[in-house]
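Note that the structure is predicted; figures quoted are calculated from it, not measured. Both backbone and side-chain heavy atoms feed into the values below; hydrogens, waters and symmetry mates do not. Residue numbers begin at 1 in each chain, while the letters A, B, ... track the order of the sequences.
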Number of protein chains: 2
Amino acid sequence: MADRKKNSTYSRNEKCIIECDLTYVVSKIEGRWKLQILSMLEDKKLRFSELKKEFSFTTERMLTLQLRALEQDGLVKRTVYAEVPPRVEYELTEMALELGPIFKQLSDWGSKHRSLTKKELV
Amino acid sequence: MADRKKNSTYSRNEKCIIECDLTYVVSKIEGRWKLQILSMLEDKKLRFSELKKEFSFTTERMLTLQLRALEQDGLVKRTVYAEVPPRVEYELTEMALELGPIFKQLSDWGSKHRSLTKKELV
DNA sequence: TAGGATACTATCAAATATGTAAGTCATGGC
DNA sequence: GCCATGACTTACATATTTGATAGTATCCTA
């Protein structure tokens, strides 16, 4: 997610992300809280303070980092209103909305197969 | 992936994985080289040494770790033949095969939208 | 009896991700 | 002037992941 020192196998991973569309997509959604953020924004736009309230279990820093990453990747649109105190709204982009149905399938797959191997019910 | 110290927000993440099927699924496929491994095994079973050759850019250790994780999660089946020298074969499970079509959609989404925001072509 | 093959496992170090706490900045209201 | 607000930043500390390197076990063959 951040800049990488050019260690050979680390950069080989970057190469995979560039070469493979699937790896690319997964790399874009695998950050901490990203799926939760996407799901929170699925049907409404929210301002930063509202997201902050929802994600009170993590820090502003993390929230900002993940929102920035999502924005960079074109999944989230950030709108700044020139007011004081500032107001910033976040919403999903078109392309992010297109992921919805696919996420649904993944989720279904998860719920289907998870019940079979219930080893994580510790 | 490993045992977690019970820091409150780290464990909150575990909680998300337990509560949300989508987060669960993503957590199962987001390890380094996992998608590559799954794709390598998509149409054939391979022994450890063959995988090792394909993944010569990483270490045996990483390969073993990821294979173990995939096995734990029921995505890969490991078969040991009691021979000397040992022979171990890896193949996808039924449930892993079911992910194929979904991965295809994710991949298509990636290839479609990636060409639009071409900022990673550095 | 000293390799060789195969599939690991163990240790330690480096890199990356995440968390905590405190600070910034602009302005409107008191 | 002083404080509050909202949306961040910054600096430093931990946690987790990945890497580099070496070692283990078994039995067969030379």
Side-chain angles (χ1 to χ4, degrees), chain A residues 1-17 26-34 36-37 45-72 76 78-90, chain B residues 1-17 26-37 45-71 76 78-90:
Chain A
M1 203 177 296
D3 295 326
R4 295 251 162 68
K5 306 290 165 57
K6 56 226 152 303
N7 172 299
S8 74
T9 82
Y10 271 87
S11 59
R12 172 75 196 203
N13 190 48
E14 304 278 84
K15 197 151 170 287
C16 283
I17 291 175
V26 172
S27 77
K28 294 321 174 194
I29 60 174
E30 70 183 349
R32 185 90 110 213
W33 319 121
K34 274 191 190 172
Q36 283 78 14
I37 293 172
K45 71 173 66 169
L46 290 173
R47 24 192 319 191
F48 186 79
S49 56
E50 298 173 304
L51 283 168
K52 197 172 98 173
K53 207 172 303 173
E54 298 288 349
F55 289 87
S56 57
F57 46 82
T58 188
T59 59
E60 285 187 63
R61 177 184 136 76
M62 262 296 111
L63 191 54
T64 307
L65 279 175
Q66 303 305 324
L67 282 169
R68 289 272 185 272
L70 289 169
E71 188 193 359
Q72 272 279 314
V76 158
R78 176 169 174 267
T79 313
V80 185
Y81 296 87
E83 305 172 359
V84 169
R87 179 161 63 101
V88 179
E89 288 187 342
Y90 291 91
Chain B
M1 203 178 295
D3 296 325
R4 296 249 163 68
K5 309 290 167 54
K6 53 219 152 307
N7 173 299
S8 74
T9 80
Y10 271 87
S11 59
R12 171 77 197 202
N13 190 49
E14 305 278 84
K15 196 149 171 289
C16 284
I17 292 175
V26 172
S27 78
K28 294 321 174 194
I29 61 173
E30 69 183 352
R32 185 91 111 211
W33 317 123
K34 274 191 189 170
L35 290 173
Q36 284 77 15
I37 292 172
K45 70 173 65 166
L46 290 173
R47 28 193 313 192
F48 185 80
S49 56
E50 296 173 307
L51 283 168
K52 197 172 99 173
K53 207 171 302 172
E54 298 288 349
F55 289 86
S56 58
F57 46 82
T58 186
T59 59
E60 284 186 64
R61 176 184 136 76
M62 261 297 110
L63 191 53
T64 306
L65 280 176
Q66 303 303 325
L67 282 168
R68 288 272 186 272
L70 289 169
E71 189 194 358
V76 157
R78 174 168 176 269
T79 312
V80 183
Y81 297 88
E83 306 173 355
V84 170
R87 179 160 64 101
V88 180
E89 288 187 341
Y90 293 91

d([atom1], [X]; [atom2], [N]) in whole Å:
| X | N | atom1 | atom2 | result |
| --- | --- | --- | --- | --- |
| B:Leu65 | D:dT16 | CG | C1' | 12 Å |
| B:Leu46 | C:dT6 | CG | C1' | 15 Å |
| B:Asn13 | D:dA15 | CG | P | 16 Å |
| B:Arg12 | C:dG19 | CZ | P | 12 Å |
| B:Arg32 | D:dT16 | CZ | P | 18 Å |
| B:Leu63 | D:dT21 | CG | P | 18 Å |
| A:Ile17 | C:dT16 | CD1 | P | 12 Å |
| A:Glu14 | D:dT18 | CD | P | 13 Å |

Taking every heavy atom of B:Arg47 against every heavy atom of B:Pro86, the minimum-distance pair comes out as NH2-O, 3.5 Å

Residue pair A:Arg32 / B:Asn13: nearest heavy atoms and the distance that separates them: NH1-ND2, 2.8 Å

What does the inter-axis angle of the helix from C:dT1-D:dA30 to C:dC30-D:dG1 come out as, five pairs per end, nearest 10 degrees? 30°

Do B:Arg12 and A:Trp33 come close enough that some side-chain heavy atom pair is under 4.5 Å? yes

Checking A:Lys34 side chain against A:Gln66 main chain: does a donor-acceptor pair fall under 3.5 Å? no

Using the side-chain hydrogen bond (donor to acceptor under 3.5 Å, both in side chains) criterion, which residues pair with A:Lys15? Sequence neighbours excluded. A:Glu19

Residue-phosphate contact under 4.0 Å: B:Gln66 side-chain N/O, D:dT18 OP1/OP2: yes

Does D:dT17 have OP1 or OP2 under 4.0 Å away from a side-chain N or O of B:Trp33? no

Identify, with sequence neighbours excluded, every residue that meets salt bridge (charged side-chain N to carboxylate O under 4.0 Å, His left out) alongside A:Arg87. A:Glu83, A:Glu89

Residues two or more places apart in sequence or in another chain: which of them pass salt bridge (charged side-chain N to carboxylate O under 4.0 Å, His left out) with B:Glu60? B:Lys52

Which residue lies more 5' along DNA chain C, comparing A:Phe57 with A:Val84 via nearest heavy atoms: A:Phe57

Restricting to side chain to side chain contact (heavy atoms under 4.5 Å, CB included), what partner residues turn up for B:Val88, sequence neighbours left out? B:Arg78, B:Val80, B:Tyr90

Closest of C:dG19, D:dA20, D:dT18 to the A:Met62 side chain is C:dG19

Take A:Thr64 and A:Phe48 through the side chain to side chain contact (heavy atoms under 4.5 Å, CB included) test and state the conclusion after the steps. CA-CA 9 Å; A:Thr64 307; A:Phe48 186 79; 3.7 Å; yes

Write down the protein N/O and nucleotide N/O pairs, taken from nucleotides 7-13 of chain C, whose separation is under 3.5 Å; answer none if there are no such pairs.
| unit_1 | atom_1 | unit_2 | atom_2 | d |
| --- | --- | --- | --- | --- |
| C:dA7 | OP1 | B:Arg47 | NE | 3.1 |
| C:dA7 | OP1 | B:Arg47 | NH2 | 3.0 |
| C:dA7 | OP1 | B:Val88 | N | 3.3 |
| C:dA7 | OP2 | B:Ser49 | N | 2.8 |
| C:dA7 | OP2 | B:Ser49 | OG | 3.0 |
| C:dC8 | OP1 | B:Arg68 | NH2 | 3.2 |
| C:dC8 | OP1 | B:Arg78 | NE | 3.4 |
| C:dC8 | OP1 | B:Arg78 | NH2 | 2.5 |
| C:dC8 | OP2 | B:Tyr90 | OH | 2.7 |
| C:dC8 | N4 | B:Glu60 | OE1 | 2.9 |
| C:dC8 | N4 | B:Glu60 | OE2 | 3.1 |
| C:dT9 | OP2 | B:Arg68 | NH2 | 3.4 |

